[in-house]
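These notes are about the structure you will find just below.
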Amino acid sequence: MKSVKEIAKERMFNLFEKAENIFPKDQKLADRYVEIARKIAMKAQISIPSKLKKKFCKKCYKFLFPGVNCRVRIRNKRLIYSCLNCKNYMRFPYKK
């Protein structure tokens with residue numbers, strides 16, 4: 001039997017996958033999926049995996065789709081994600 005944390009993590013991955021698929025058609029629905037995934041993580045008291053953390057803005061919580069509402073740059077061994085909605089930028093370490 002799966003634990004609550006495993007089920008929550010599975011649902012988060014499913015929601016982010018759905019958000020990625022629906023984004024070209026309906027951006028608001030993709031943002032709603034991100035909001036639901038965040039609430040699931042908070043309720044289950046688990047952290048969002050780093051793979052998924054790069055897919056939404058930490059300030060406005062919008063789903064980020066590179067080239068559409070997000071700019072991605074590499075500088076000084078860092079990945080820099082710039083949200084074009086709220087002008088916030090996030091830096092992540094980058095190793096080759």
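In what follows, residues are counted from 1 in the order of the sequence shown.
Rounded to the nearest 0.5 Å, atoms NZ (K58) and OH (Y89) are 14.5 Å apart. To the nearest 0.5 Å, atoms CD1 (I46) and NZ (K9) are separated by 5.5 Å. With values rounded to the nearest 0.5 angstrom, K2 atom NZ is found 7.0 Å from I7 atom CD1. To the nearest 0.5 Å, atom OH of residue Y33 and atom CG of residue D26 are 8.5 Å apart. Distance CD1/I48 to CD1/I40: 10.0 Å, rounded to 0.5 Å.
In this structure, K62 and Q27 have side chains that are not in contact, with every pair of non-hydrogen atoms separated by 4.5 Å or more. A 4.5 Å side-chain heavy-atom check between K55 and F16 finds at least one atom pair inside the cut-off. When side chains are defined from C-beta on, C83 does not count as touching R71, because their heavy atoms never get closer than 4.5 Å. In this structure the side chain of L64 never reaches within 4.5 angstrom of the side chain of L84, judged on heavy atoms. In this structure, V68 and P66 have side chains that are not in contact, with every pair of non-hydrogen atoms separated by 4.5 Å or more. Taking 4.5 Å as the limit, every side-chain heavy atom of L79 sits out of range of all side-chain heavy atoms of R91.
Cluster annotation: V72 is connected to Y94 through the hydrophobic network of ILVMFWY side chains, with a link wherever side-chain heavy atoms come within less than 4.5 Å. Under a hydrophobic-cluster definition in which Ile, Leu, Val, Met, Phe, Trp and Tyr are linked whenever side-chain heavy atoms come within less than 4.5 Å, directly or via other members, L29 and L15 are assigned to the same cluster. There is a path of hydrophobic side-chain contacts, each under 4.5 Å, that joins Y61 to I22.
Heavy atoms only, all atoms of each residue included: C60 and C86 are closest at SG-SG, 3.7 Å. F92 and K53 make their closest contact through CZ-O, 4.4 Å (heavy atoms, listed as atom of the first residue, atom of the second, distance). The minimum heavy-atom distance linking A44 with K5 is given by the pair O-CE, 3.8 Å. What you find for M12 and S47 is that their closest heavy atoms are CE-O, 4.3 Å. Summarising the geometry of K51 relative to F13, their closest heavy-atom pair is CD-CE2, 4.4 Å, with the distance given to 0.1 Å.
Taking the charged nitrogens against the carboxylate oxygens, R32 and E35 do have a contact shorter than 4.0 Å, which makes a salt bridge.
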- Item | CA sep, side-chain torsions, deciding dist, call: F56, R38, side chain to side chain contact (heavy atoms under 4.5 Å, CB included) | CA-CA 10 Å; F56 70 95; R38 286 185 63 248; 3.8 Å; yes
- Message: Run the side chain to side chain contact (heavy atoms under 4.5 Å, CB included) test on M90 and K59 for me, step by step, so that the C-alpha distance in whole Å, both residues' side-chain angles and the decisive distance to 0.1 Å come before the verdict.
- Response: CA-CA 10 Å; M90 297 153 289; K59 188 175 179 185; over 6 Å; no
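With N69 contributing its side chain and F63 its backbone, the two residues share a donor-acceptor pair below 3.5 Å.
Between F65 and F23, the ring planes are parallel. Angles under 30° get that label, and only those over 60° would be called perpendicular.
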